[in-house]
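The model shown is predicted, which means the values in this text are computed figures rather than measured ones. Lettering follows sequence order; numbering is per chain, from 1.
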2 protein chains.
Amino acid sequence: MNQSDDPAPIPRKRNPRGVTMEAVGRMAGVSQVTVSRALSDPSKVSPETMARIREAIAVTGFVPNALAGALASRRSMMVSALVPSITNIVYATMLAPFSDELKSRGYQILLSETGFDPEEEAATVEAHLSRRPDAMLLTGVHHAARTRRMLLGADLPVVEVWDITETPIDLCVGFSHAASGRAVAEFAHGAGYRQAAGICAGDERAQRRLSAFAERFGTLSGTDVPVARTERGNLASGRALLTQLIDKRGFTGGVVACSSDVLAQGVLIEAAARGLSVPRDLAVVGFGDQELADAVEPALTTVRVNREALGRAAAQALLTRIDGATPSRSVIDVGFTLIRRASA
Amino acid sequence: MNQSDDPAPIPRKRNPRGVTMEAVGRMAGVSQVTVSRALSDPSKVSPETMARIREAIAVTGFVPNALAGALASRRSMMVSALVPSITNIVYATMLAPFSDELKSRGYQILLSETGFDPEEEAATVEAHLSRRPDAMLLTGVHHAARTRRMLLGADLPVVEVWDITETPIDLCVGFSHAASGRAVAEFAHGAGYRQAAGICAGDERAQRRLSAFAERFGTLSGTDVPVARTERGNLASGRALLTQLIDKRGFTGGVVACSSDVLAQGVLIEAAARGLSVPRDLAVVGFGDQELADAVEPALTTVRVNREALGRAAAQALLTRIDGATPSRSVIDVGFTLIRRASA
DNA sequence: TTGTAGGCGTTATCAT
DNA sequence: ATGATAACGCCTACAA
């Protein structure tokens with residue numbers, strides 16, 4: 001009686017382990033849909049039913065499957081964030097408020113490092129798109145053609161941050177790196193410095209800042225402005241580059257513009273080690289206004305970018321688009337401020 | 001003829017936009033399944049078919065839907081990583097190799113900050129579990145009971161890092177914070193220092209390091225070891241806490257153990273500002289051996305934890321479990337090394 | 001307030 | 001080498 005008369009297909013779960021809404025519903029004496037409703041909008045379910053469902057969820061330890069939900073609803077409730085490097089505090093500090101803002105609306109962040117290579121970025125974008133994020137943040141405004149194509153084809157809200165362009169893929173929140181470099185040059189020249197040098201590490205944006213500084217200061221003062229470059233933007237690089245400027249490139253004093261506060265601090269340390277007085281023998285300007293700028297000795301003159309506001313604005317812009325609205329402006333320039341302290 | 005005789009359901013796609021394997025297959029003259037196979041294992045498809053499918057993919061800009069794939073295969077190819085803070089370089093630097101290692105095997109990282117509150121962590125764990133990650137990394141070994149319950153119920157590979165326990169949820173890669181604190185105490189006492197103080201910021205683990213230091217040094221020297229605490233572990237805090245130790249707690253010299261290199265650098269800066277010579281008037285020991293440790297003046301004596309190796313080992317351990325194998329050890333102590341430089 | 005039916009875009013399992 | 005069919009677990013209509 002067991003083997004013979006049962007050609008009827010017995011629907012068998014492939015994985016009997018995972019608790020589903022179906023199972024919760026069975027235990028609570030309701031259908032799967034009711035469980036779904038109970039979770040998405042409790043007001044649509046009677047209090048008694050709600051109580052039984054809660055009980056069943058507690059007993060079974062049910063955790064909804066967001067993958068299935070995303071597939072059915074076509075909303076993954078995930079937002080991709082692509083930054084050059086996680087370990088770079090500059091990106092990390094704008095990511096935190098960005099993430100906070102979105103988390104409060106129920107979104108999870110899918111984060112990846114892209115390095116500084118556009119092709120690597122393109123590959124990462126593709127990997128992210130396969131996860132069907134509801135929106136995406138990109139760092140910078142220069143991308144591979146394929147990246148633009150994929151994003152336009154995917155038709156999702158995209159915000160490009162930490163730089164600015166008139167022709168964003170979709171939205172843009174940032175500031176002009178060239179303008180910040182020029183602002184430093186004008187400040188330094190106005191403060192009376194007649195000689196200058198630059199110290200630069202990192203990505204193409206840092207180079208744009210320093211190039212703009214060198215060009216502007218050169219124009220104002222009529223002198224040549226040497227710029228020393230390196231890969232890694234750490235304290236040791238700052239020290240090494242100041243050494244290079246002084247010992248090998250004949251820099252004898254004036255103002256040193258650095259592409260980051262950390263490099264600038266390296267310069268301060270090397271200057272102290274050489275018995276140079278800052279800003280008397282050597283003035284120093286950083287970039288970023290990180291926490292350390294205010295704590296070093298002497299305190300660092302630097303360029304502040306409100307990274308908190310930037311991250312938050314980027315999140316808001318995306319949320320507006322997600323909600324189907326059109327943001328008032330698709331390009332937001334958050335600007336920058338020169339903070340004068342003791343070092344220059 | 002339009003209205004009346006057509007009760008037959010016309011299957012209509014809800015969203016005609018998204019390119020699917022179905023659409024690619026149609027264009028290539030094959031079925032949807034063949035497209036799936038072409039992507040997952042090209043060797044199972046004839047070269048000609050493969051070529052036509054490739055062509056169709058290029059033309060349509062098809063990007064596979066990983067959500068659907070995950071739902072069907074029960075493997076999301078995502079790994080969750082939960083750290084207290086993204087902006088803390090300590091966690092970021094172990095996350096990078098962790099992420100690299102997993103990315104090379106096709107996994108994406110789903111990253112979240114948990115803060116330092118176990119309840120917040122529990123909520124984050126739940127949110128992540130709903131995404132059905134294939135494995136999870138947690139920071140620390142102290143979790144809410146509900147967290148343990150959820151994770152045990154979810155039955156996935158879990159690695160706890162940056163601390164060590166004999167009873168991990170699943171896997172553990174870390175080191176003993178108490179032991180590192182004692183090691184610093186023994187080093188300092190052995191180096192001849194007879195007075196000591198501590199400076200501590202941050203999470204419970206930092207406090208455990210400093211408590212162990214204070215207790216051990218106290219035992220060895222028979223003196224009292226004051227420990228100053230604060231919330232934020234930045235340069236300014238380091239300066240402020242040294243001030244507090246000297247001006248308000250009668251600390252007159254000896255060795256200062258800090259819970260991070262950044263705090264230690266703050267101490268160096270404040271000491272210099274006060275005209276104190278390091279290590280003569282004041283010796284300083286940091287923790288973490290961050291890049292700056294070697295670049296400050298004087299170079300910082302500190303405790304090195306190989307965060308790179310830690311992140312990599314955590315990834316490897318998870319991969320082993322994902323592959324269904326049993327790791328040789330479920331608890332890996334990566335240890336620490338005291339790096340003696342000029343500051344103590 | 002609750003349930004039924006159909007579909008989201010894949011992968012797994014059998015067939016052919 | 002290729003295809004048909006049934007899940008995967010949920011959400012969106014629509015019906016009761």
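Side-chain nitrogen and oxygen atoms of R74(A) include at least one within less than 4.0 Å of the OP1 or OP2 phosphate oxygen of dG9(C). Look at S73(B) and you won't find any side-chain N or O under 4.0 angstrom from OP1 or OP2 of dT11(C). Taking side-chain N and O atoms only, T34(A) has no distance below 4.0 Å to OP1 or OP2 of dT2(C).
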Distance-only donor-acceptor hits, side chain of residues 94-102 of chain A, under 3.5 Å, sequence neighbours excluded:
{"residue": "E101(A)", "atom": "OE1", "partner": "R312(A)", "partner atom": "NH1", "Å": "2.6"}
{"residue": "E101(A)", "atom": "OE2", "partner": "Q316(A)", "partner atom": "NE2", "Å": "2.5"}

Name every donor-acceptor pair, under 3.5 Å, that has one atom in a side chain of residues 322-330 of chain A and the other anywhere in the protein, sequence neighbours excluded.
{"residue": "D323(A)", "atom": "OD1", "partner": "R105(A)", "partner atom": "NH2", "Å": "2.9"}
{"residue": "D323(A)", "atom": "OD2", "partner": "R105(A)", "partner atom": "NH2", "Å": "3.3"}

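In this view, T20(B) and E22(B), A23(B) satisfy the side chain to side chain contact (heavy atoms under 4.5 Å, CB included) rule, not counting sequence neighbours. Residues satisfying the side chain to side chain contact (heavy atoms under 4.5 Å, CB included) criterion with A66(A), sequence neighbours excluded, are S130(B), R131(B). Applying the side-chain hydrogen bond (donor to acceptor under 3.5 Å, both in side chains) rule to T60(A) yields no partners; only residues at least two apart in sequence or on another chain are considered. Scanning for side-chain hydrogen bond (donor to acceptor under 3.5 Å, both in side chains) contacts around N88(B) gives an empty result, with sequence neighbours left out. Remark: T320(A) engages no residue in a side-chain hydrogen bond (donor to acceptor under 3.5 Å, both in side chains) (not counting sequence neighbours). By the side chain to side chain contact (heavy atoms under 4.5 Å, CB included) test, R148(B) is found to be paired with I169(B), residues two or more places apart in sequence or in another chain being considered. Not counting sequence neighbours, the partners of R54(A) by the side chain to side chain contact (heavy atoms under 4.5 Å, CB included) test are M50(A).
Considering only the side chain of T20(A), dC10(D) comes nearest among dT11(C), dC10(D), dG9(C). Side-chain proximity of V33(A) to dG3(D), dT4(C), dG9(C): nearest is dT4(C). The side chain of S36(A) approaches dC11(D) more closely than any other nucleotide in the set dC11(D), dG9(D), dG3(C). Nearest nucleotide to the V30(A) side chain, out of dG3(C), dG3(D), dC10(D): dG3(C).
Taking every heavy atom of residues 38-50 of chain B and every atom of DNA chain D, pairs under 4.0 Å involve K44(B), V45(B), S46(B), T49(B), by number.
As rounded to whole Å, 13 Å separates atom P of dA1(D) from atom CD1 of I53(B). Atom-to-atom, CD of Q32(A) to P of dG9(D) comes out at 11 Å; the value is rounded to the nearest Å. Rounded to a whole Å, the CZ atom of R26(B) is 13 Å from the C1' atom of dG9(C). Here dG9(C) presents its C1' atom at 6 Å from CG of N65(B), a figure rounded to the nearest Å. R52(A) places its CZ atom 8 Å from the P atom of dT2(C), with the value rounded to the nearest Å. One atom, CG of L71(B), and another, P of dG9(C), lie 12 Å apart when rounded to the nearest Å. Atom CD of E22(A) is separated from atom P of dT4(C) by 10 Å (rounded to the nearest Å). Between M21(A) atom CE and dT12(D) atom C1' the separation is 13 Å, expressed in whole Å.
Annotation: the span from R321(A) atom CZ to L171(A) atom CG amounts to 6.0 Å, rounded to 0.5 Å. Remark: D134(A) CG to L156(A) CG distance equals 8.0 Å, nearest 0.5 Å.
Rounded to 10°, the helix from dT1(C)-dA16(D) to dT16(C)-dA1(D) has 30° between the axis fitted to its first five pairs and the one fitted to its last five.
Across the interface with DNA chain C, nearest-nucleotide mapping of G29(A) and L67(B) shows G29(A) to be the residue nearer the 5′ end.
Under the 3.5 Å distance criterion, with hydrogens and angles disregarded, no donor-acceptor pair is assigned to the side chains of R132(B) and S76(B).
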Protein-nucleotides 14-16 of chain C N/O pairs closer than 3.5 Å?
none

